[in-house]
Amino acid sequence: MPGVSLVGSGSACLTVKLSNDDLSQRVDTSDEWIAARTGIRQRHIAAPDESLTVLATEAARNALEMAEVSAEAVDLILLATSTPDDLFGSACRVQVALGATRAVAFDLTAACSGFVFALVTAAQYIRTGVFKTVVVIGADVLSRWTDWDDRTTCVLFGDGAGAVVLRAAERDRLLGFELCSDGSLNHCLNLAYQPEAESLVGDVAVQKGTFAPITMNGREVYKFAVNRVPEVIEKALFRANLTTSDIDWLVLHQANQRILDSVAERLGLPAERVVSNMARHGNTSAASIPIALDEAVRAGNVKAGDVIATAGFGAGLTWGSAIILWG
Ligand code: UT7
């Protein structure tokens, strides 16, 4: 069975920054509250001309460049996003923008767990021998769906995109994984369609409407994250035949610094093993893990042979962990 190797990472560079002080001009909040409760100091926001497709393409291009893989060599593009430019999907537009003429491309939606779910999905295509080269992208523009007058959510999110390149290899470097869903907790975090009946002809009415902004029960999601995430990482480690002491880097979905600290503490990992870019990016949903990974790789912190424990968690509710050997 072919194995999976991760051979490159990339992210998009967004120029517009929104600081906590900027936000406090819009809602009743403060830099002190946001920094103390979440660790966030600023987030990046997509400019009106920076579509999801543009950001995802930039991240993928940078990952391909690091991997020294040409766009024509890509067999599959998996775009994890909850905020496509088109509800029919944005991956095909990324495909054409990249020049990945041979690739099949599709979107995958699993909110903030999207990158981990897409990574594991991509790996199955490689392990079965169907595809040899895959680009996995996590990208979201949640600013489109944020209620900018709701201080309980608008201070948390930012926009971004990150990507990795996977290739078939002799040695499998996806060491273990575990994915979970619990729809009974769906109400805790939503970006739901709000139908409005519109009469068509006679008794027939159609659903018109749009998606309502993000709503979240922060305390419930917090409790869910600090309990379920250490558990799912331990299950993925078990499948990898490893223990927490084997982890070189913990790369979690960047939702809240307090969640990162609590998960690390429960796993018995020192703070220096935890990758955090919370302060600069906030919560970028499906993009947060690949951005954090890419920054750590480019800073020279994550090196070939390092064991990385990733974990995503969020709406669905969904959560999952993938243990990978970098390089
Ligand atoms: O990516 C998906 C996963 N999402 C998450 O993981 C989010 C998980 N949840 C959290 O990170 C935290 O629950 C939050 C950061 C969302 C909230 O932190 P908290 O410590 O749970 O605060 P809280 O909701 O318990 O609110 C405490 C107080 C409340 O005031 P009262 O009722 O005590 O008077 C809120 O109204 O803080 C108030 N508050 C704010 N104050 C200033 C809530 N938001 C703000 C704000 N600025 N932005």
Side-chain angles (χ1 to χ4, degrees), residues 18-43 80-83 109-117 138-160 162 180-182 185-192 213-233 250-264 266 274 276-279 281-292 310-321:
L18 190 67
S19 70
N20 292 348
D21 285 334
D22 293 335
L23 269 174
S24 66
Q25 294 173 37
R26 171 93 187 193
V27 288
D28 180 16
T29 191
S30 64
D31 179 50
E32 292 71 35
W33 191 95
I34 303 169
R37 299 285 180 131
T38 70
I40 301 166
R41 303 311 290 243
Q42 63 165 43
R43 68 287 294 142
T81 187
S82 304
T83 54
T109 305
C112 302
S113 308
F115 178 76
V116 171
F117 278 43
D140 267 311
V141 184
L142 282 183
S143 61
R144 291 175 178 171
W145 298 107
T146 300
D147 178 350
W148 290 103
D149 295 315
D150 175 7
R151 70 174 184 171
T152 68
T153 52
C154 78
V155 300
L156 304 173
F157 301 110
D159 301 332
C180 308
S181 303
D182 183 356
L185 296 173
N186 183 264
H187 58 277
C188 292
L189 182 48
N190 294 112
L191 202 177
I214 299 164
T215 57
M216 180 173 71
N217 182 332
R219 287 181 197 184
E220 282 305 314
V221 178
Y222 188 95
K223 273 193 281 175
F224 145 78
V226 298
N227 289 316
R228 296 282 90 85
V229 174
E231 191 180 275
V232 82
I233 291 172
L250 187 63
V251 185
L252 300 183
H253 166 48
Q254 310 279 300
N256 185 326
Q257 186 62 43
R258 286 156 53 212
I259 295 178
L260 305 193
D261 295 344
S262 167
V263 171
R266 287 186 188 211
V274 182
S276 172
N277 61 22
M278 286 298 329
H281 291 282
N283 176 346
T284 57
S285 191
S288 84
I289 293 174
I291 293 174
T310 65
F313 52 94
L317 296 183
T318 53
W319 65 108
S321 171

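One-based numbering, in listed order, for ligands and for the atoms of each. What you see below is based on every heavy atom in this structure, not just the backbone, and it leaves out hydrogens, waters and symmetry mates.
Counting the atoms of ligand 1 from 1 in the order shown, those under 4.0 Å from a heavy atom of R219 are 13 (O), 21 (O), 23 (P), 24 (O), 25 (O), 26 (O). Against a heavy-atom cut-off of under 4.0 Å, R37 is close to the following atoms of ligand 1: 19 (P), 20 (O), 22 (O), 27 (C). The atoms of ligand 1 that sit less than 4.0 Å from any heavy atom of L189 are 2 (C). Of all the atoms in ligand 1, the ones that sit under 4.0 Å from a non-hydrogen atom of T29 are 42 (C), 46 (C), 47 (N), 48 (N). Atoms of ligand 1 lying under 4.0 Å from any heavy atom of F313, numbered from 1 in the order shown and given with element: 6 (O). Listed by number with element, the atoms of ligand 1 under 4.0 angstrom from any heavy atom of T38 are 15 (C). Taking every heavy atom of N283 and a limit of under 4.0 angstrom, the matching atoms of ligand 1 come to 1 (O), 2 (C). If you number the atoms of ligand 1 from 1 as listed, the ones under 4.0 Å from a heavy atom of V155 come out as 48 (N).
Although no hydrogens or angles enter the test, the distance criterion places no donor-acceptor pair under 3.5 Å between the side chain of D182 and the main chain of T318. Proximity of a side-chain donor or acceptor of R151 to a complementary backbone N or O of V27 within less than 3.5 Å is not detected. A donor-acceptor pair under 3.5 Å is absent between the side-chain atoms of T38 and the main chain of A35, judged by distance alone. A donor-acceptor pair under 3.5 Å links the side-chain atoms of N190 to the main chain of N186, judged by distance alone. N283 places a side-chain N or O within donor-acceptor distance of the main-chain N or O of S285, the cut-off being under 3.5 Å.
Considering only non-hydrogen protein atoms, atom 43 (C) of ligand 1 sits nearest to W33 CZ2, 3.5 Å.
Using a 4.5 Å heavy-atom threshold, the side chains of I214 and F157 count as touching. Counting heavy atoms from C-beta on, the side chains of V116 and W319 never come closer than 4.5 Å.
Backbone and side-chain nitrogen or oxygen atoms of A225 are examined, and none is located within less than 3.5 angstrom of a nitrogen or oxygen of ligand 1.
Atom 15 (C) of ligand 1 is flagged as protein-proximal [any protein heavy atom, distance under 4.0 Å].
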